[in-house]
Amino acid sequence: MSDTSIKKVVLAYSGGLDTSVILKWLQQHYGCEVVTFTADLGQGEELEPARAKAELMGVKPENIFIDDLREEFVRDYVFPMMRANALYEGLYLLGTSIARPLIAKRQIEIAKAVGADAVAHGATGKGNDQVRFELGYYALNPDIKVIAPWREWDLTSRTKLIEFAESHQIPVSKDKRGEAPFSTDANLLHTSSEGKVLEDPWDEVPDYVYSRTVNPEDAPDSPETITIDFERGDGVALNGEAMSPATLLAALNELGRKHGIGRLDLVENRFVGMKSRGMYETPGGTIYALAHRGIEQITLDRGAAHLKDELAPRYAELVYNGFWFSPEREMLQAAVDYSQEKVAGTVRLKLYKGNVIVTGRKSPHSLYSEKVVTFEDDQGAYDQRDAAGFIKLNALRLRLLGRRDRG
C-alpha cells in the first residue's frame, strides 16, 4: 500500500530508463506530483533531453530542476576529500561516493523550496548508493519521507522495466533493449563500471569498457611534463595558469585521458556486506592526488603527516559508507584543514603511459633543509654525535628485553 499522505516528491532523475520508469511509477503508485532533479556533475552527457522527457511524462516545467553543480562538487566535496588523501581500501579515489552527499543535499533543498513531502532515488537494494543517499537525506532533514522504488516494486529485471516503459509510452533507447554489458556512473572526478562482463574477478576488463582513458599501450611515446600550484592544500593553477577547481580537474582529466592514467580494477567490500568488482577511471584525480602528496612531502611536519596517514583510511571509510554529514567526518575535516595551512607551492609531474611521476616540488613554506640533510660539509648545522644518545635511549627497552630473553 502506498502512503497517501505523500502529495509531492522530489526524484533524483537522469532521464534514463530506470528513473523514467520510477517517475511514472511514482505518479501511479502514490498518485503524487513529481518534481525532477538532474544534477550536472560533469558526467559529460547532454542533460536537456532529461527536461524534454520529464515534460513528456507530465511534469510541470516549474517542477523540473537541472542544476550545474560542477564547481560546488569539486570545491566543496572533491577538494576537501583530496586534502585528506582519502583512498578507500588503499586504492579507490571515491568518485561515486563523494558525489552522493551533494545530490542528497540539493534534493533536500529543492524539497524544502517546493514543499515536497518526500524524496526518491533510483538506487537498487543491493548497492551502497541507497545508503549514501538516505543517510544524507536524514542528516539534512530528519523527518523527510524517503521512497526507494527498487525496495518496493516488483519490476525485478530489465525486461520488466522495458515492458513497463512500453506499456506507458515511455521512450526506450535502442541500447537499452538488449542486455546491458555493464552499468556505469560518471561525474567530473571519475567513471565507474560494474556488473555483467565485469562480474568474474578473474576475467580481464574488456577494452571497450574504458571510456575516459586511452589504453596506456597506445598513449604517446613521449612523456609530458606539467606543474600544479597549490594554496592551503588546494590546486589553484595548471602550468602557471590560474583555474577554478572544476576547470582544473577538467583540464587534468584531458591530460590523464591522453596518457592513459587513472585506471583501476578493484574488488572492494561494499558497506552492505558483499564484495563487488568495479572498474574505475579517475584520470585527473589520480594526477591531482599524487601532486597533493608531493607538495605535502616538503610542507608537512612528520608528526602531522603521519597522523594524517592514520586518519585517512577512517575518513575514506566514512565517505564510502555515506557519512559525509556526520560529526566525525566534520571533526576529521577540521583536523585535515588545519594541517593544510602551509601546504602551498608548486609540484612538477611527468605523465607517461599510465604513470604519474613527481619530478620536483618547491614551496615558500618548505621544511626541507638542504643544509641539514647534505652529504657534504654541513658547517655545523647537524651534529652527528647527537645520534648516539638518541639511538641508545630508543634501544634501551630492546636491550633489556634481549638480556632477559637470552637469560
Side-chain angles (χ1 to χ4, degrees), residues 14 16-19 21 43-45 86-100 121-133 148-151 153-163 172-187 189-219 253 256-257 259-283 285-286 289 313 316-317 319-322 353-355:
S14 70
L17 174 64
D18 292 20
T19 55
V21 169
Q43 53 266 52
E45 297 176 350
L87 290 170
Y88 183 67
E89 297 188 336
L91 292 168
Y92 173 38
L93 282 163
L94 297 159
T96 296
S97 317
I98 194 60
R100 297 329 188 203
H121 62 76
T124 69
K126 279 190 175 183
N128 298 305
D129 279 342
Q130 58 181 334
V131 182
R132 295 166 182 152
F133 281 130
W150 281 97
R151 301 203 298 261
W153 66 19
D154 59 358
L155 304 175
T156 55
S157 69
R158 180 168 295 272
T159 299
K160 288 186 176 180
L161 286 177
I162 293 173
E163 289 174 353
V172 180
S173 60
K174 290 182 179 180
D175 65 326
K176 297 297 183 183
R177 294 184 181 277
E179 190 70 14
F182 55 92
S183 66
T184 63
D185 176 78
N187 57 49
L189 181 56
H190 90 160
T191 295
S192 67
S193 302
E194 61 183 12
K196 300 301 178 183
V197 298
L198 302 176
E199 287 181 356
D200 186 340
W202 179 249
D203 291 343
E204 185 174 356
V205 177
D207 197 60
Y208 63 78
V209 174
Y210 297 101
S211 62
R212 295 280 284 270
T213 56
V214 304
N215 189 319
E217 296 174 7
D218 300 324
N253 277 337
R257 181 204 65 76
H259 292 281
I261 291 165
R263 294 183 173 191
L264 174 64
D265 181 344
L266 177 68
V267 175
E268 71 200 58
N269 291 290
R270 285 183 180 172
F271 190 26
V272 294
M274 67 188 76
K275 287 185 181 291
S276 67
R277 193 264 190 104
M279 190 283 296
Y280 300 109
E281 290 178 276
T282 318
T286 300
E317 187 173 80
V319 174
Y320 185 86
N321 291 347
K353 290 192 177 294
N355 295 295

If you measure from CG on L155 to CD on E163, what distance do you get to the nearest 0.5 Å? 9.5 Å
Would you find a donor on one side and an acceptor on the other, under 3.5 Å apart, between the side chain of R212 and the backbone of H190? yes
For the side chain of N128 and the backbone of F271, is there at least one donor-acceptor N/O pair under 3.5 Å apart? yes
Given Y280, which partner from the list Y92, Y88, Y210 fulfils the ring pair (Phe, Tyr, Trp, His ring centres under 6.0 Å) test? Y92
For A86 and L94, the nearest pair of non-hydrogen atoms, with its separation, is CB-CD1, 4.0 Å
Would a distance-only check, ignoring hydrogens and angles, find a side-chain to backbone donor-acceptor pair under 3.5 Å from R277 to D200? yes
Just so I know, are the side chains of V131 and N321 near enough to count as touching, which here means a heavy-atom distance under 4.5 Å? no
Please check if any side-chain donor atom of E89 sits under 3.5 Å from a side-chain acceptor atom of Y320, or the reverse. no
Less than 4.5 Å apart, any side-chain heavy atom of L264 and any of M279? no
Check the pair R151 / Q130 against side chain to side chain contact (heavy atoms under 4.5 Å, CB included), numbers first and verdict last. CA-CA 10 Å; R151 301 203 298 261; Q130 58 181 334; 2.9 Å; yes
Contact summary for N187 and A99, nearest pair of heavy atoms: ND2-CB, 3.6 Å
Any chance you could lay out the side chain to side chain contact (heavy atoms under 4.5 Å, CB included) test for V205 and L198, step after step, and finish with the verdict? CA-CA 6 Å; V205 177; L198 302 176; 3.8 Å; yes
Hey, does the side chain of S192 reach the backbone of T184 with a donor-acceptor pair shorter than 3.5 angstrom? no
Report the C-alpha distance between E268 and L91 in whole Å, list the side-chain angles of each, state the deciding distance to 0.1 Å, and finish with yes or no for side chain to side chain contact (heavy atoms under 4.5 Å, CB included). CA-CA 10 Å; E268 71 200 58; L91 292 168; over 6 Å; no
If you look at every heavy atom in N215 and D207, which pair is closest and at what distance? ND2-OD1, 3.5 Å
Minimal heavy-atom distance between G95 and L189, with the atoms involved, is CA-CD2, 3.6 Å
Minimal heavy-atom distance between T191 and A186, with the atoms involved, is OG1-CB, 3.6 Å
Distance col, row E45:CD vs S14:OG, nearest 0.5 angstrom, shows 7.5 Å
For residues K126 and R270, report the shortest heavy-atom separation together with the two atoms involved. O-NH1, 3.5 Å
Salt-bridge present (R100, D185; N to O < 4.0 Å): yes
When you compare the side chain of W153 with that of V21, does any pair of heavy atoms fall below 4.5 Å? yes
Point-to-point distance, once rounded to the nearest 0.5 Å, from CD of E194 to CD of E199: 9.0 Å
Taking the side chain as everything from C-beta on, heavy atoms only, tell me whether D203 gets closer than 4.5 Å to V197. no
Side chain of H121, backbone of A123: donor and acceptor closer than 3.5 Å? yes
Under 3.5 Å side-chain donor-acceptor pair for R263 and T213: yes
